[in-house]
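Given the structure is predicted, the values throughout are model-derived calculations rather than measurements.
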Amino acid sequence: MTRKSYAVAACGAAKRSRSRVVPVRSRPLEGGATARWPATWRGGVTGRLRSTGRPVYAVNPMAAARYRERHTVARKKSDHLDAMVLANLLRTDADAHRTLPADSELAQAVAVLARAQQDAVWDRTQAGNKLRSHLREYFPGYLAAVQPITGGLTAPLARTLLATAPTPGQAARLTRAQLKAVLKRAGRQRGIDAEVERLHAALRLAQMRQLPLVEQAMGRQALALLGKFEAACTTADDLAEASVELFEQHPDAAIITSFPGLDALSGARVLAEIGDDRTRFADAKALKAYAGSAPVTRASGKSHAVMVRRVKNQRLAAVGYVWAFASLTASTGARAHYDRRRKAGDRHSSAQRNLYNRLLGCLHHCLATGTPYSETTAFPVPPKLELAIAA
């Protein structure tokens with residue numbers, strides 16, 4: 001190796017997910033390189049090494065342990081031994097390992113915002129579930145009243161209404177004029193009178209009530225939970241706007257959003273996980289395995305089993321579920337493919353995962369060739385067989 005290379009042992013497993021960097025003793029490599037072993041490939045040391053343009057190799061901790069056994073079988077472990085193992089690993093088997101993807105600065109920035117927005121959505125869901133569970137204990141009438149509203153608890157009208165009247169007693173005393181003011185504060189512009197009448201009647205329906213002091217205390221708790229929920233909703237919306245704005249500046253945005261079921265936000269999540277380094281995946285099969293859409297085959301002797309891939313990029317798998325589900329109504333070819341899998345005996349999740357696998361292959365081809373999505377190319381219509389009529 002003519003330039004400095006670094007071996008990174010990514011120890012971010014499920015049981016060791018702390019994002020701390022553990023420096024080790026340096027071990028010189030060819031050309032003056034240094035081997036290091038941080039606990040995560042996104043830590044400060046790794047980020048600075050990548051910013052300088054040096055190639056960084058990600059090494060699985062289990063693979064590093066096997067390399068250690070080549071030098072000693074006593075199962076001893078030290079920083080000096082780990083440095084020597086990583087140094088010899090790059091000297092002898094560098095071709096068997098892949099460097100971290102060299103994504104562009106814009107793609108890395110999109111990844112930061114898109115992942116933060118996805119985390120904010122998960123936080124919003126958790127906060128909304130806590131608030132909904134609390135409201136069921138003392139104010140089920142409110143949940144029934146806001147259920148027809150698009151978005152449910154996440155809708156601005158639902159949050160504004162709860163902030164105005166957090167208890168059943170206060171909600172029942174709201175007049176039509178007050179409800180109209182609530183709707184206007186929430187940004188409602190059309191159908192105000194009809195919505196006022198519906199809410200006025202729904203909030204006055206008889207329901208089981210707590211004791212007055214208990215109800216008042218639970219109302220104060222609901223306002224505290226609402227404050228957290230409001231912050232989560234605002235954060236998710238702000239990060240979504242920032243992610244979309246940055247994603248639309250990327251050259252791959254037009255190709256990604258040309259696929260059915262992908263908008264700017266979901267497209268930003270896809271770009272965040274696959275990056276824009278074309279050498280990251282050797283072929284479409286590698287991308288499908290990374291996303292978890294490709295099955296795993298285990299064969300030994302007479303045993304042969306095809307199972308769902310559990311080890312995968314969970315973020316890419318999450319957006320893939322939404323992508324495949326949305327494509328059922330946006331693409332006739334995707335819908336036909338899903339229906340064929342269902343008729344073949346697949347369950348809903350299996351058929352949808354198969355469709356996602358097909359769409360990922362098309363995405364890999366379109367990004368590699370720089371062409372947008374084509375419905376006729378992705379899902380060609382098979383020719384119909386016509387019987388010749390004998391004269």
Side-chain angles (χ1 to χ4, degrees), residues 12 17 19 40-44 46-47 50-51 100-129 150-156 159 187 228-278 280-281 287 290-293 312-327 329-331 356 359-360 362-364 366-368 370 372-373:
S17 59
S19 57
T40 173
W41 64 271
R42 289 179 294 183
T46 310
R50 297 183 67 187
S51 64
L100 293 180
D103 294 329
S104 64
E105 182 180 357
L106 181 57
Q108 296 182 42
V110 171
V112 171
L113 291 177
R115 289 168 181 168
Q117 197 275 336
Q118 195 169 30
D119 291 337
V121 170
W122 290 336
D123 294 340
R124 182 183 65 186
T125 302
Q126 184 179 17
N129 291 338
T150 303
L153 284 178
T154 60
R159 305 200 303 264
K228 297 181 180 179
F229 186 53
E230 286 275 7
C233 293
T234 303
T235 302
D237 294 340
D238 293 343
L239 288 174
E241 183 178 355
S243 301
V244 169
E245 181 181 358
L246 204 60
F247 169 72
E248 291 177 347
Q249 302 175 15
H250 198 276
D252 294 341
I255 298 177
I256 295 177
T257 53
S258 65
F259 279 76
L262 281 180
D263 58 359
L265 182 57
S266 57
R269 293 181 181 178
V270 171
L271 178 64
E273 302 309 320
I274 67 175
D276 56 1
D277 184 5
R278 297 293 180 261
R280 180 173 188 174
F281 303 102
L287 174 59
Y290 179 71
S293 61
K312 56 189 175 182
N313 186 316
Q314 298 295 342
R315 293 182 181 272
L316 188 55
V319 69
Y321 179 85
V322 178
W323 177 14
F325 188 78
S327 66
T329 56
S331 170
Y356 175 43
L359 292 174
L360 273 179
C362 298
L363 177 62
H364 182 272
C366 291
L367 290 177
Y373 171 82

Table please: side-chain donor-acceptor pairs of residues 233-241 below 3.5 Å, with sequence neighbours left out.
{"from": "Thr234", "atom 1": "OG1", "to": "Glu230", "atom 2": "O", "distance (Å)": "2.9"}
{"from": "Thr235", "atom 1": "OG1", "to": "Ala231", "atom 2": "O", "distance (Å)": "2.8"}

With sequence neighbours excluded, tell me which residues meet salt bridge (Lys or Arg N to Asp or Glu O under 4.0 Å) with Asp119. Arg315

Determine which pairs satisfy side-chain hydrogen bond (donor to acceptor under 3.5 Å, both in side chains) with at least one residue from residues 250-275, sequence neighbours left out, and list them in order. Arg115-Glu273, Gln117-Arg269, His250-Asp276, Asp252-Arg278, Asp263-Ser266, Glu273-Asn313

What's the shortest heavy-atom distance between Ala324 and Tyr356, and which atoms? CB-CB, 4.1 Å

Is any side-chain heavy atom of Tyr290 closer than 4.5 Å to a side-chain heavy atom of Lys312? no

Which heavy atom of Phe281 sits nearest to which heavy atom of Ile274, and what is that distance? CE1-O, 3.8 Å

Quick one: pull up OH in Tyr373 and CD1 in Ile256 and give me the separation to the nearest 0.5 Å. 15.0 Å

Using modelled atom types only, decide if a donor and an acceptor are shared between the side chain of Asp277 and the backbone of Asp103 within a distance under 3.5 Å. no

Where the side chain of Ser327 meets the backbone of Pro260, is there a donor-acceptor pair that is under 3.5 Å apart? no

What is the distance from atom CG of Leu271 to atom OG of Ser243, rounded to the nearest 0.5 Å? 11.0 Å

Shortest non-hydrogen separation from Ala264 to Val244 and the atoms involved: CB-CG1, 3.6 Å

A side-chain contact here means heavy atoms from C-beta on lying under 4.5 Å apart; do Leu113 and Phe247 qualify? no

Exercise: identify the closest heavy-atom pair between Ala291 and Leu316: CB-CD2, 3.5 Å

Which heavy atom of Ala114 sits nearest to which heavy atom of Ala268, and what is that distance? CB-O, 3.8 Å

Nearest heavy-atom contact between Leu287 and His364 is CD2-CB, 3.9 Å

Find out whether Gln126 and Asn129 are in side-chain contact, i.e. whether some heavy atom of one side chain is under 4.5 Å from a heavy atom of the other. no

Check whether more than 12 heavy atoms from other residues, nucleotides or ligands sit under 6.0 Å from atom CD of Glu105, and answer yes or no. no

Answer whether the closest heavy-atom distance between the side chains of Leu363 and Leu262 falls below 4.5 Å. no

Find the distance between CD (Gln118) and CG (Leu265) and round it off to the nearest 0.5 Å. 9.0 Å

